Amino acid sequence: MRCRWPGPLAFLLALTAWAVSAQAFDPVSAFQKGAWVGSIEAGYGEQSEIFNDPITGLEFFNAGVRLGLVPFGPTGSGLLHGALEIGLEAFYQQFVDPDDAFFAGLAAVGRYHFLTGGRLVPYLEVAAGAGATDLDVREQDSDGTFLLSAGAGVSYFLTDRTAIYAGYRLQHISNAGTDDPNRGINSHTGVLGLSIFFGR
């Protein structure tokens with residue numbers, strides 16, 4: 001007798017297999033002590049000042065390549081069960097409106113991954129970097145500047161060693177008083193990225 005539902009049956013079998021694999025996945029295995037993490041990412045941001053008015057209204061795209069290390073492995077318990085990642089990121093930012101300018105530099109990054117026991121792994125992060133720029137606006141006009149950011153996001157593990165992530169960052173640019181003007185530029189930014197875990 002011919003099966004009249006080969007498509008739906010195949011879909012249900014694939015869904016069941018995915019559910020089983022999702023339940024069996026343990027993100028702790030990716031965050032073992034000494035594991036390396038290679039990441040590439042891209043984002044978009046808009047200037048949004050809280051204290052400074054008026055503002056230039058900058059918009060920009062950015063990209064980064066990061067090499068991270070998990071120095072301690074999984075730590076903590078309960079809601080704080082997670083793993084610290086520290087690393088260096090080569091970072092490029094292209095301003096597109098209203099000034100056609102760039103920032104390029106190197107940042108130290110710290111990211112804490114909350115190990116929930118599933119493929120979704122939330123994180124908090126901070127970064128501090130320095131680099132060169134040709135930005136020339138009312139808030140900032142110098143050859144070098146510093147970049148600080150803090151944010152949160154979530155990773156989704158496609159495999160045991162590969163994850164995609166999306167997040168939000170509050171970004172601050174300043175020349176730390178080394179030149180004038182130095183009003184600082186604050187921006188809301190979104191980021192999308194891909195991480196690959198290796199070395200353990």
Side-chain angles (χ1 to χ4, degrees), residues 37-68 79-80 82-114 116 119-157 163-195:
V37 189
S39 301
I40 57 174
E41 61 182 33
Y44 169 80
E46 294 182 354
Q47 184 180 9
S48 180
E49 300 294 346
I50 300 173
F51 304 108
N52 295 339
D53 186 48
I55 61 173
T56 299
L58 292 165
E59 297 181 30
F60 54 83
F61 294 95
N62 54 45
V65 179
R66 183 174 68 256
L67 179 63
L79 294 176
L80 296 180
L84 176 67
E85 174 194 347
I86 56 175
L88 289 175
E89 180 167 340
F91 189 81
Y92 180 84
Q93 187 157 287
Q94 180 65 50
F95 296 90
V96 294
D97 188 33
D99 190 27
D100 183 15
F102 78 94
F103 168 85
L106 189 66
V109 181
R111 181 178 284 193
Y112 192 80
H113 303 266
F114 294 90
T116 60
R119 292 188 180 273
L120 286 176
V121 179
Y123 66 82
L124 296 175
E125 67 174 7
V126 294
T133 184
D134 62 352
L135 189 62
D136 181 7
V137 292
R138 74 184 84 180
E139 297 91 347
Q140 199 80 40
D141 179 14
S142 58
D143 295 329
T145 192
F146 301 95
L147 185 148
L148 303 173
S149 69
V154 62
S155 297
Y156 178 78
F157 277 79
I164 55 175
Y165 61 87
Y168 162 82
R169 291 173 181 161
L170 178 62
Q171 177 184 285
H172 176 75
I173 293 176
S174 169
N175 62 36
T178 59
D179 208 338
D180 189 57
N182 179 43
R183 295 178 60 189
I185 299 170
N186 299 311
S187 305
H188 297 296
T189 69
V191 63
L192 296 173
L194 170 71
S195 294

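Note that the coordinates shown come from a computational prediction; the quantities given were computed from them, not determined experimentally.
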Starting at [atom1] of [X], measure out to [atom2] of [Y] and round the result to the nearest 0.5 Å.
X    : Y    : atom1 : atom2 : answer
N186 : L148 : CG    : CG    : 10.0 Å
F114 : L80  : CZ    : CG    : 6.5 Å
D136 : D141 : CG    : CG    : 4.0 Å

In terms of the angle between their ring planes, are Y165 and Y123 parallel, tilted or perpendicular, with boundaries placed at 30° and 60°?
-> perpendicular

Side chain proximity check, F60 to Q171, heavy atoms < 4.5 angstrom |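 Of all side-chain heavy-atom pairs linking Q171 with F60, at least one is under 4.5 Å.
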
Do the side chains of L170 and H188 get nearer than 4.5 Å, heavy atoms only?
-> yes

Do you know the tightest heavy-atom contact between [X] and [Y]?
X    : Y    : result
F102 : A132 : CE1-O, 3.6 Å
A150 : V126 : CB-CG1, 4.2 Å
V37  : S195 : CG1-CB, 3.9 Å
G45  : T189 : CA-CG2, 3.8 Å
L88  : A108 : CD2-CA, 4.1 Å
V109 : A127 : CG2-CB, 4.0 Å

Identify whether the distance between the nearest side-chain nitrogen and carboxylate oxygen of R111 and E89 falls below 4.0 Å.
->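 Salt bridge between R111 and E89, a charged N being under 4.0 Å from a carboxylate O: no.
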
Using a strict 4.0 Å threshold on nitrogen-to-oxygen distance, state whether R169 and E41 make a salt bridge.
-> yes

Does a donor on one side chain and an acceptor on the other come within less than 3.5 Å for Q47 and T56?
->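 Note: Q47 and T56 side chains miss the donor-acceptor criterion.
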
Passes salt bridge (Lys or Arg N to Asp or Glu O under 4.0 Å), R66 versus E125? Steps please.
-> CA-CA 13 Å; R66 183 174 68 256; E125 67 174 7; 5.3 Å; no

Which of these, I173, D97, V96, L135, sits in a side-chain contact (heavy atoms from CB on, under 4.5 Å) with L58?
->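 Only match with L58 under side-chain contact (heavy atoms from CB on, under 4.5 Å): L135.
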
Atom CG of D143: over 12 foreign heavy atoms under 6.0 Å | no

Any sub-3.5 Å donor-acceptor pair from R119's side-chain atoms to F157's backbone N or O?
->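 Side chain of R119 to backbone of F157: a pair is present.
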
